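These values consider heavy atoms only, across backbone and side chains, with no hydrogens, waters or symmetry-generated copies. Model, not experiment: these values are computed from the prediction.
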Amino acid sequence: MNITAKLRKANYRFHAWVGYLGAWFLILIGLTGSVLVFEKEISSAIHPGWHEVMASGKNISLDEIDSKLRATYPEHMLTGFRLPQGKTESLQASLLREGIFSMAYVSPSDGEFLGLSTPHWRHILLKAHNALVLGDWGMAVLFFIACCMILLGSSGLWMQRNLLKNLFRRPRFARSPRLGFTDLHKMCGVPISAFLILLGTTGALYNWPSFGKIAAGKADKPGFATSHRTHQAAKISLEKAVARARASIPDFSPSYVSFPRNGDGRLRVFGSVPGQSFFGIFASSVEIDAADGKILGTKDIRNLPWQMKWRSFIRPLHYGNFGGIPVKIIYSLSSLCLVALSITGLGIRSSRMKRHPRP
């Protein structure tokens, strides 16, 4: 056996074992990821009256909405407002109670409460997708699973010969289950090997900070609740704060107001700027003193060096929230292919064990 054949055999065994060890994690990640891509569309379909409102000439102030929400939900902690991005879009208020996030939908024109999602299903799926519902310890585990995805994608690409033949071959289940699962595995693997590397790389970068929180003793605990987080009301006018933020960055379009957290006294206004739509609507931000309205800092994504852009860069790449519905469909189908890869990989392993049982 020549050196190339030995390397291919070693790569095949490596690919099989890494895939077998990470298969159940990848099934969970793929299923939850395929749904989270369409979070906005699913929420709108479930409660269409919560997301769409009648267009009006003028909206009531954020301060009035803030007062109404705090009076209506005194047992909740108000964490922030997602501002309408269109004339017919509702305002969304994030609420936190005993570590569980809820979402209140409000008509910006008159402050009417349209509905309350508690707990918000996206929060539950994100906890499973990002951390296995194990807090930062789960994120640390998934960091290694993300590294496995990179290795699986890379080793899978090396093994792919006769790409078109593998992509269109009819599964040979009639000959044996192992051959059938192998053919299906190759059909799914050919188009998404590069996608595995992309998701693994962005997922590893996203989960890497969990090790720092664990080392500092500030790790989120297992479960759906979010620990180590408190939010305080701002003393200044929210309406004036958003106006100051808009004036602080040229052509700044605010999209989210985050209330001071953990006693830091900083009101944060996130938003977007022209020509940077890939980075999403939260990539730029302005920090404001919640007591006196002084501007404490600005972050214009257009002026940041690439070393500081990476966090904003990996989110759209990982979640597929750029490019509209076509990109979301590609991401969702690729996530389902990841599930199919894991299941067929387990099928190959199972049929191999039945064919060669241990003595």
Under a plain distance cut-off of 3.5 Å, with no hydrogens placed, do Asn207 and Ser210 share a side-chain donor-acceptor pair? no
Ignoring hydrogens and angles, state whether a donor on the side chain of Glu52 or Thr88 is under 3.5 Å from an acceptor on the partner side chain. yes
Check: Asp66 and Phe259 side chains under 4.5 Å, non-hydrogen atoms: yes
Show, in sequence, the C-alpha distance, side-chain angles and deciding distance for His129 and Leu36, and conclude whether the side chain to side chain contact (heavy atoms under 4.5 Å, CB included) test is met. CA-CA 9 Å; His129 183 83; Leu36 284 169; 3.8 Å; yes
Close side-chain approach of Ser284 to Asp300, heavy-atom, < 4.5 Å: yes
Can a donor-acceptor pair be found, under 3.5 Å and without considering hydrogens, that links the side chain of His76 to the backbone of Arg97? no
Which word best sums up how the rings of Phe279 and Phe313 line up, parallel for under 30°, tilted for 30 to 60°, or perpendicular for over 60°? tilted
From CA spacing to verdict: side chain to side chain contact (heavy atoms under 4.5 Å, CB included), Ile124, Phe101: CA-CA 9 Å; Ile124 295 174; Phe101 277 99; over 6 Å; no
Polar side chain donor-acceptor pair, Ser94 to Gln92, under 3.5 angstrom: no
Within the 4.5 Å heavy-atom criterion, are Ile42 and Val35 side-chain neighbours or not? yes
Taking the side chain as everything from C-beta on, heavy atoms only, tell me whether Trp208 gets closer than 4.5 Å to Phe211. yes
List the atom of Leu132, the atom of Val141, and the distance in Å for their closest heavy-atom pair. CD1-CG1, 4.0 Å
Looking at Arg266 and Asp264, is there a salt bridge between them, counting it only when a charged N and a carboxylate O are closer than 4.0 Å? no
Looking at Leu341, is its backbone amide N or carbonyl O close enough to the side chain of Thr344 to form a donor-acceptor pair, meaning the two atoms are under 3.5 Å apart? yes
Please confirm whether the backbone N or O of Lys40 pairs with a side-chain atom of Ser43, one donor and one acceptor, at under 3.5 Å? no
Please determine whether side chain to side chain contact (heavy atoms under 4.5 Å, CB included) holds for the pair Ile145 and Trp24, giving the CA-CA distance in whole Å, both sets of side-chain angles, and the decisive distance to 0.1 Å. CA-CA 10 Å; Ile145 298 300; Trp24 295 108; over 6 Å; no
From Leu336 atom CG to Leu31 atom CG, the distance as rounded to the nearest 0.5 Å: 7.0 Å
Go through it in stages, so that I can follow the logic: the residues are Lys309 and Ile301, the test is side chain to side chain contact (heavy atoms under 4.5 Å, CB included), and I'd like the CA-CA distance, side-chain angles, deciding distance and then a yes or no. CA-CA 7 Å; Lys309 283 186 177 181; Ile301 193 69; 3.8 Å; yes
pair His231-Leu78: side-chain heavy atoms closer than 4.5 Å: no
Identify which one of Leu114, Leu116, Leu91 satisfies the side-chain contact (heavy atoms from CB on, under 4.5 Å) criterion when paired with Tyr105. Leu114
What are the two closest heavy atoms between Ser334 and Ile192, and how far apart are they? O-CD1, 3.9 Å
Report whether Leu134 and Tyr206 are members of the same hydrophobic cluster (ILVMFWY, side-chain heavy atoms less than 4.5 Å apart, transitive linking). yes
Without swapping roles, check the side chain of Ser90 against the backbone of Trp50 for a donor-acceptor pair under 3.5 Å. yes
OG on Ser332 to CD1 on Ile330, rounded to 0.5 Å: 11.0 Å
For the student: nearest non-hydrogen atoms of Ala104 and Leu95, plus distance: CB-CD1, 4.0 Å
Looking only at atom types and distance, does a side-chain atom of Glu112 sit under 3.5 Å from a main-chain N or O of Ser107, one as donor and one as acceptor? no
All heavy atoms of Val133 vs all of Ala128, minimum pair found to be CG2-CA, 3.8 Å
CD1 of Ile27 to OG1 of Thr32, rounded to nearest 0.5 Å, is 11.5 Å
Verify same cluster id: Ile249, Phe278 (apolar side-chain graph, 4.5 Å): yes
Do side-chain atoms of Glu239 reach the backbone of Leu62 as a donor and acceptor pair under 3.5 angstrom? yes
Crowded around Trp121 CH2? As in, over 12 foreign heavy atoms under 6.0 Å? yes
Would you call Lys328 and Glu41 a salt bridge, using N to O less than 4.0 angstrom? yes
Measure across Pro108 and Val53 and return the closest heavy-atom pair with its distance rounded to 0.1 Å. CD-CG2, 4.1 Å
For the CD atom of Glu75 and the CD atom of Glu98, what is their distance to the nearest 0.5 Å? 9.5 Å
Say you draw a straight line from CD1 of Ile197 to OG1 of Thr202; how long is it, rounded to the nearest 0.5 Å? 11.5 Å
For Phe25, is the CZ atom crowded, meaning more than 12 foreign heavy atoms sit under 6.0 Å from it? no
Between Arg246 and Ser253, is there a donor-acceptor pair closer than 3.5 Å when you use the side chain of the first and the backbone of the second? no
Are Phe195 and Leu338 close enough that some pair of their side-chain heavy atoms sits under 4.5 Å apart? no
CD1 of Ile281 to CD of Gln276: how many Å apart, nearest 0.5 Å? 15.0 Å
No-hydrogen, no-angle side-chain donor-acceptor test under 3.5 Å, Tyr256 and Arg268: no
I'd like to check Val339 versus Leu26 (side-chain heavy atoms, cut-off strictly below 4.5 Å). Are they in contact? no
Does a side-chain heavy-atom distance below 4.5 Å link Arg244 with Ile295? yes
Quick one: does Ser255's side chain have a donor or acceptor within less than 3.5 Å of a partner on Phe270's backbone? yes
Restricting to non-hydrogen atoms, name the atom on Phe322 and the atom on Leu317 that form the minimum distance, rounded to 0.1 Å. CE2-CA, 4.3 Å
Is it true that Tyr331 and Ser34 share a donor-acceptor pair across their side chains at a distance under 3.5 Å? no
Should Ser237 and Asp63 be marked as a side chain to side chain donor-acceptor pair (under 3.5 Å) after you check the CA-CA gap, both sets of side-chain angles, and the distance that decides it? CA-CA 6 Å; Ser237 165; Asp63 301 292; 2.9 Å; yes
Would you say the side-chain atoms of Asp136 pair up with the backbone N or O of Asp220, donor to acceptor, closer than 3.5 Å? yes
Where the side chain of Ser155 meets the backbone of Leu152, is there a donor-acceptor pair that is under 3.5 Å apart? yes
Row check, Tyr20 ring normal vs Arg13 NZ/CZ: under 6.0 Å, within 45°: no
